[in-house]
Number of protein chains: 2
Amino acid sequence: MGYHQNSVCARRGNALVQMQVQVASMPLIMLEARLAQANVFKKVVDAIKDLVQDCNFDCNDSGIALQAMDNSHVALVSMLLQSGAFEGFRCDRNISLGINLGSLTKVLRAAGPDDILTLKAEDAPDVVNITFETTSQDRISEYDIKLMDIDQEHLGIPETEYAAVITMPATEFQRICRDLSALSESVAIECSKDGVKFSCTGDIGSGSVHLRSTSDVEKPENNVSIEMNEPVSLTFSLKYLVNFCKASGLSTSVKLMLSSEVPLLVEYPLVDGGSHLRFYLAPKIGDDE
Amino acid sequence: MGYHQNSVCARRGNALVQMQVQVASMPLIMLEARLAQANVFKKVVDAIKDLVQDCNFDCNDSGIALQAMDNSHVALVSMLLQSGAFEGFRCDRNISLGINLGSLTKVLRAAGPDDILTLKAEDAPDVVNITFETTSQDRISEYDIKLMDIDQEHLGIPETEYAAVITMPATEFQRICRDLSALSESVAIECSKDGVKFSCTGDIGSGSVHLRSTSDVEKPENNVSIEMNEPVSLTFSLKYLVNFCKASGLSTSVKLMLSSEVPLLVEYPLVDGGSHLRFYLAPKIGDDE
DNA sequence: GACATCAGTA
DNA sequence: TACTGATGTC
């Protein structure tokens with residue numbers, strides 16, 4: 001019987017085994033994830049904390065994932081931080097860390113932007129341990145956040161073939177949402193081969209923004225690209241889109257994926273290629289618009 | 001009988017004498033203190049006005065001093081502005097100016113940060129006169145604040161030899177207090193030779209910040225220095241400490257002085273070396289922690 | 001990203 | 001009146 005099994009016994013209340021383990025000073029860390037830039041995690045949590053109060057961070061050897069519906073069940077958040085996004089990553093067993101994002105925000109506020117952030121959890125943990133180290137190591141702060149049991153609403157999100165995929169600068173999308181939200185509650189997104197049109201109508205008048213597909217080879221990050229199978233036009237709540245745009249600082253570009261009668265997918269790629277922060281938003285239908 | 005006694009008569013209500021004095025335009029100024037930067041005084045008052053409503057500014061030829069307990073008698077504020085801190089300072093006789101800090105704040109709000117502030121008071125004054133001059137002298141504003149009688153609780157504060165004296169950047173201390181106050185009402189400060197640890201526990205979890213003693217010769221103002229006679233660990237109310245930290249703008253560094261079972265002294269040096277703003281806070285004991 | 005200001009709440 | 005969260009500017 002190795003340390004691994006001992007640890008399980010300890011957690012189940014075998015005090016003797018637990019003592020032995022502690023005497024052997026064997027902290028049974030199951031998860032240790034070291035992120036070079038605390039900022040990335042801060043921004044991710046900032047971007048989703050207004051949508052979701054509590055959620056599970058599902059950890060396994062491929063990384064840390066999160067999925068949660070917003071309170072009104074209109075939007076869905078999905079994050080994936082692949083192990084490769086970390087400076088060091090170890091996860092010996094699948095664990096789900098139920099965390100209150102308000103508490104997490106309070107703790108992350110204590111991190112300097114360039115601090116090194118390390119998440120640690122034991123097997124069957126009560127708390128998640130978060131440390132921030134300045135690069136100079138003169139200051140080390142350490143926090144434990146109590147975990148909570150959160151009903152895992154398992155959300156099968158089918159990988160859809162979208163009718164249209166728009167890639168554009170994240171700041172541009174943020175600006176459009178902010179500008180149009182001054183006029184109306186909702187925005188229509190219409191996509192055709194050579195362009196995309198965001199439009200809305202409200203009490204004081206109406207507005208629209210047309211973006212042409214561009215291909216500036218010198219500044220590819222400023223490009224708007226549209227991959228389209230068929231034209232699509234859908235209407236969405238601007239309040240939610242503005243909210244999603246809090247993630248704009250995480251990435252230079254954002255992808256909007258649309259299909260008729262299917263939730264819009266707003267995707268921000270993270271640090272490495274595979275990691276991402278995704279928001280899904282159901283379209284408004286008929287009179288809702 | 002000199003002017004001096006005349007003035008006393010006038011103050012005692014002899015209208016005839018008062019008129020004569022006014023006609024003779026003889027303002028019997030006892031105190032005139034000219035401060036090059038109104039900002040210093042603004043910040044001092046800002047930093048203490050939430051702790052103390054009314055207090056006496058005790059003026060004598062060595063400067064202006066202030067001592068007051070907070071309302072709950074847990075904390076004590078002590079300020080000393082030595083005469084040398086002023087561009088010009090004259091105080092012919094000891095006077096105690098009882099001022100409502102709310103009123104004073106309202107008046108100080110009218111001062112530009114770089115204005116020259118002058119405090120004036122007559123002998124046995126009803127009011128304190130405050131003027132603000134722009135450095136260019138284009139604008140002079142003048143205010144009188146009514147004085148009040150405040151019971152002088154004379155507070156003998158013994159100069160203690162502290163078990164530990166920590167000097168650190170004021171902003172760092174402010175940040176630690178702010179960060180930890182998100183988790184708990186109180187913080188334990190533990191001091192050992194090579195470092196100091198601030199830690200707390202609350203409903204959502206626990207947190208701690210370790211600072212190592214540093215000696216960066218290039219940026220000495222960023223250093224953390226610890227002079228320690230014996231290890232010490234005490235617990236304090238974070239609400240008060242956060243409050244004290246409003247003084248952070250007054251000084252790059254702050255000194256924390258601790259001894260067992262004795263109030264913590266938090267000291268911000270002011271303009272010149274000798275002047276200071278000090279806060280004392282009784283430790284929490286036993287179950288209070 | 002940090003700061004200051006502002007509005008709303010306790 | 002003071003603290004909190006939120007917003008907008010530097």
Side-chain angles (χ1 to χ4, degrees), chain A residues 35-53 71 100-117 132 134-135 139 170-171 174-175 177-182 238-252, chain B residues 39 42-43 45-55 70-72 74-75 77 100-114 169-186 202-204 222 237-250 252 279:
Chain A
L35 197 59
Q37 289 254 324
N39 233 354
V40 173
F41 199 60
K42 281 178 86 160
K43 285 181 184 167
V44 166
V45 175
D46 255 5
I48 65 181
K49 71 165 200 294
D50 291 336
L51 290 167
V52 178
Q53 271 66 59
N71 303 317
N100 173 276
L101 296 185
S103 308
L104 185 55
T105 301
K106 284 179 183 171
V107 167
L108 291 176
R109 200 166 290 159
D114 299 323
D115 284 356
I116 298 158
L117 178 153
F132 309 120
T134 53
T135 40
R139 183 183 201 274
T171 50
Q174 182 172 39
R175 169 110 196 268
C177 292
R178 218 188 326 115
D179 290 349
L180 297 185
S181 70
L238 276 165
K239 176 167 150 278
Y240 281 95
L241 295 181
V242 166
N243 220 314
F244 299 168
C245 286
K246 288 184 183 164
S248 298
L250 282 162
S251 168
T252 54
Chain B
N39 231 357
K42 281 178 85 161
K43 285 181 183 167
V45 174
D46 257 1
I48 64 181
K49 71 166 200 293
D50 292 336
L51 291 167
V52 178
Q53 272 66 60
D54 308 306
C55 69
D70 87 298
N71 304 317
S72 56
V74 175
V77 186
N100 172 275
L101 295 186
S103 310
L104 184 54
T105 301
K106 286 180 185 168
V107 168
L108 291 176
R109 201 163 289 161
D114 298 324
T171 51
E172 177 72 55
F173 181 57
Q174 183 172 38
R175 175 137 177 247
I176 291 168
C177 293
R178 217 186 326 111
D179 290 348
L180 296 185
S181 68
L183 302 183
S184 171
E185 306 274 297
S186 32
D203 294 339
I204 69 169
N222 287 345
S237 155
L238 275 166
K239 177 167 152 278
Y240 281 95
L241 294 182
V242 167
N243 219 314
F244 298 169
C245 286
K246 288 183 182 163
S248 298
L250 282 162
T252 55
F279 300 93

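We name chains A, B, ... by the order of the sequence lines, and we start the count at 1 in each one.
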Taken to the nearest whole Å, CD1/B:I48 to C1'/D:dA2 is 17 Å
ask   = How far apart are the C-alpha atoms of B:V77 and B:F244, what are their side-chain angles, what is the distance that settles it, and do they pass the side-chain contact (heavy atoms from CB on, under 4.5 Å) test?
value = CA-CA 9 Å; B:V77 186; B:F244 298 169; 5.9 Å; no
Separation of D:dT1 atom P from B:L101 atom CG, nearest Å, is 13 Å
In sequence, state the C-alpha distance, the side-chain angles, and the governing distance for B:R109 and B:T105, and then conclude on side-chain contact (heavy atoms from CB on, under 4.5 Å).
CA-CA 6 Å; B:R109 201 163 289 161; B:T105 301; 3.5 Å; yes
*asked:* Between A:K106 and D:dG5, is there a contact of a side-chain N or O with OP1 or OP2 at under 4.0 Å?
replied: no
From NZ of A:K246 across to P of D:dG8 the rounded distance in Å is 12 Å
Backbone of B:S72 reached by a side-chain donor or acceptor of B:D70 within 3.5 Å: yes
Note: B:D46 and B:K246 closest approach over all heavy atoms is O-CD, 4.3 Å
Rounded to whole Å, the CD-C1' distance (A:Q174 to D:dT7) equals 13 Å
When you measure from the side-chain N and O atoms of B:K239 to the phosphate of D:dA2, is any distance below 4.0 Å, counting only OP1 and OP2? no
B:K49 atom NZ is separated from D:dT1 atom P, nearest whole Å, by 11 Å
Whole-Å distance, A:D50 CG to D:dG5 P, equals 11 Å
Check: Reckon A:K43 touches a base, only the sugar-phosphate, or nothing at all at heavy-atom distances under 4.0 Å?
Finding: sugar-phosphate
Separation of D:dC3 atom C1' from B:E185 atom CD, nearest Å, is 13 Å
Taken to the nearest whole Å, CZ/B:R178 to C1'/D:dC3 is 14 Å
